Amino acid sequence: MSSFELFPCSGHRLADLDRALATSLNEMLEKEVRSRRLELKEDYEGLLRPALERLLADVGLQRVFWDESLGGEGHNGPEAAFTVAAALEQVGWADTGLAFVAAHSLALQASMAGVGGAGAAACSRFAPLFCANGPPVLVAFVLPGYSEADGPTWKGRSLQVESRREDKELVLKGEMVRPTCSGADADLFGVLCALEGAEEPAFVLVPGDAAGLVRGPVFKKTGLAASLNADLRFDSVRVPVENLIWSSEEGTHLLLSWYYLGLAAAGAGSLIASYEILKEWGDTRVIKGKGSIFKENPLTAALMGKVAGDVALARALAYWLAGLLAEPDSFVSDGIQGAWTIASMVAQRIYATAEQCLHNTMELMASAGYASEWQLERYWRDLKTVQCCLGSQELANIDVARRFYDCKTL
């Protein structure tokens, strides 16, 4: 029985193609990523960039949702939520950062080509970029931030970029803009920005080579080595007005819901990897002076049991969220708006659970938990970094309060 089979989820909702994709990803990632870790560690050029190329371009994760007439896979129905969950938990099992980067591409595709998406014209404009037989397309988002700076806001979050229309173009401005990932080398930025004259944020696609888009130096991070991030400056960046994909709350909620699903699945897969590390430790270590196997001691077994329970909970929540996005009207009465709130809540819960789970695992493994050869410390760093990228837990709690308590003034 594989580690994935040990932890229950809504597996009956997975199509045969989803299972086949998960199996092929597992085999590929074991051979090309996990088995090369001790040799290459977190080498971006030698290990992580080639893996991104394989996942996005060769395996085709960047073509999943686009219509077949545009060169895509045409897998853009609501059941694709389970495809996303199955794929990204496998990628997260090998490397949290790889799954984090891939989640951006899948969320963009889902919000444009999926049910309730942006429409045929926008898809026809951008699908060829992803579906051509060429290099991978790295996608990054510029999402509302959490600073106290004056300026336009959305649900208590500051919008990092402002935009206005000039004839047939949009002009975007912003200083010290922090993208979610890959600021140094993303090919396409999805920017949630304030649009002059509009009440809701606009979602604008900005090519990475757009004039006026200035990238800062790659900054140091604790984790997520697969993402070469850097701050940006939008110095009167001009893009065609057709690059405005939506200016509606529904579109923003749809994008974020799929983004949170991707992060939830990545976190669940990473926790399964950490479980495997602890299981090997418990199977092979002997408690000095007692002669008993580590996992057979009642005290250690109790804490190991709690870790396994946390992993099971995280995976169950990730697949439950996939079910919600596959059938939002069956779960919530307020459609994608309610689904967005719950998706945020689930992602926050999974990463809070992951933090405690990894702390307990490190406690059990003592100094070995921090040793790079055991890989646990990398998962700890990566999961904690994604948790930071999710943003303020308190603001997320306010979003939940708006929905469940019908708050009017927040």
Side-chain angles (χ1 to χ4, degrees), residues 15 17-18 56 60-85 87-88 102-132 137 139-143 154 170 180 187-193 195 198 200-207 239-265 321-332 334-344 347:
L17 285 176
D18 298 333
L56 295 175
L61 293 187
Q62 67 183 24
R63 298 189 297 272
V64 170
F65 282 86
W66 304 112
D67 193 78
E68 291 180 359
S69 65
L70 301 173
E73 303 287 340
H75 190 39
N76 50 21
E79 71 283 351
F82 288 95
T83 308
V84 170
L88 289 182
H104 289 73
S105 178
L106 288 165
L108 178 67
Q109 293 176 65
S111 59
M112 289 186 66
V115 174
C123 290
S124 296
R125 181 174 176 81
F126 287 97
L129 179 66
F130 294 84
C131 299
V137 179
V139 174
F141 297 146
V142 173
L143 300 180
W154 179 72
L170 295 172
T180 50
D187 303 289
L188 189 67
F189 292 95
V191 183
L192 276 172
C193 58
L195 176 62
E200 296 297 332
F203 184 67
V204 180
L205 291 180
V206 178
V239 297
V241 73
E242 290 82 5
N243 285 31
L244 172 60
I245 307 304
W246 66 72
S247 180
S248 68
E249 192 169 71
E250 290 78 12
T252 299
H253 288 159
L254 185 64
L255 173 76
L256 293 178
S257 295
W258 283 88
Y259 178 57
Y260 293 142
L261 171 63
L263 300 193
L321 178 55
L324 185 153
L325 293 186
E327 300 179 278
D329 294 336
S330 298
F331 283 82
V332 291
D334 45 356
I336 195 60
Q337 181 172 356
W340 161 73
T341 305
I342 294 173
S344 170

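As the structure is a computational prediction, the values presented were derived from the model and not from experiment.
- Here CG of L261 is found 12.5 Å from CG of L256. Values are rounded to the nearest 0.5 Å.
- Taking the side chain as every heavy atom from C-beta outward, Y260 and L325 never approach each other to under 4.5 Å.
- When all heavy atoms of A322 and A85 are compared, the closest pair comes out as CB-CB, 4.2 Å.
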From CA spacing to verdict: side-chain contact (heavy atoms from CB on, under 4.5 Å), T180, H104: CA-CA 9 Å; T180 50; H104 289 73; 2.8 Å; yes
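- Between F141 and F203, the two ring planes are perpendicular [angle over 60°; tilted spans 30° to 60°].
- In terms of modelled atom types and a separation under 3.5 Å, the side chain of Q109 and the main chain of L61 share a donor-acceptor contact.
- Using a 4.5 Å heavy-atom threshold, the side chains of D67 and C123 count as separate.
- Under the 3.5 Å distance criterion, the side-chain polar atoms of S257 are matched with a main-chain donor or acceptor of H253.
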Steps toward side-chain contact (heavy atoms from CB on, under 4.5 Å) verdict (L254, W246): CA-CA 11 Å; L254 185 64; W246 66 72; 6.0 Å; no
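- Expressed to the nearest 0.5 Å, how far CG of L255 lies from CG of L143 amounts to 7.0 Å.
- The shortest side-chain heavy-atom distance between F126 and L108 does not fall under the 4.5 Å cut-off.
- Side-chain contact between C131 and R63: present, with at least one pair of heavy atoms (C-beta onward) separated by less than 4.5 Å.
- A side-chain donor-acceptor contact under 3.5 Å links N243 to the backbone of L205.
- The nearest pair of heavy atoms linking L70 to S124 is CD2-OG, 4.0 Å.
- Minimum heavy-atom separation, G323 to F331: O-CE1, 3.3 Å.
- Between L195 and L170, some side-chain heavy-atom pair lies under the 4.5 Å cut-off.
- Note: F82 CZ to L321 CG = 9.5 Å, rounded to the nearest 0.5 Å.
- Counting heavy atoms from C-beta outward, L17 and T83 have side chains that stay 4.5 Å or more apart.
- Once rounded to the nearest 0.5 Å, the distance linking CD of E249 with CD1 of I336 reads 11.5 Å.
- Shortest non-hydrogen contact noted between V64 and E73 is O-CB, 3.3 Å.
- When all heavy atoms of L244 and A202 are compared, the closest pair comes out as CD1-CB, 3.4 Å.
- Checking each of L106, V139, V137 against Q62 for a side chain to side chain contact (heavy atoms under 4.5 Å, CB included) leaves exactly one that passes, namely V137.
- Summarising the geometry, atom CH2 belonging to W154 is positioned 8.0 Å from atom CD belonging to E200; distances are rounded to the nearest 0.5 Å.
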Pair V84-F65, side-chain contact (heavy atoms from CB on, under 4.5 Å): steps then yes or no: CA-CA 10 Å; V84 170; F65 282 86; 4.0 Å; yes
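- Heavy atoms only, all atoms of each residue included: A122 and I245 are closest at CB-CD1, 4.2 Å.
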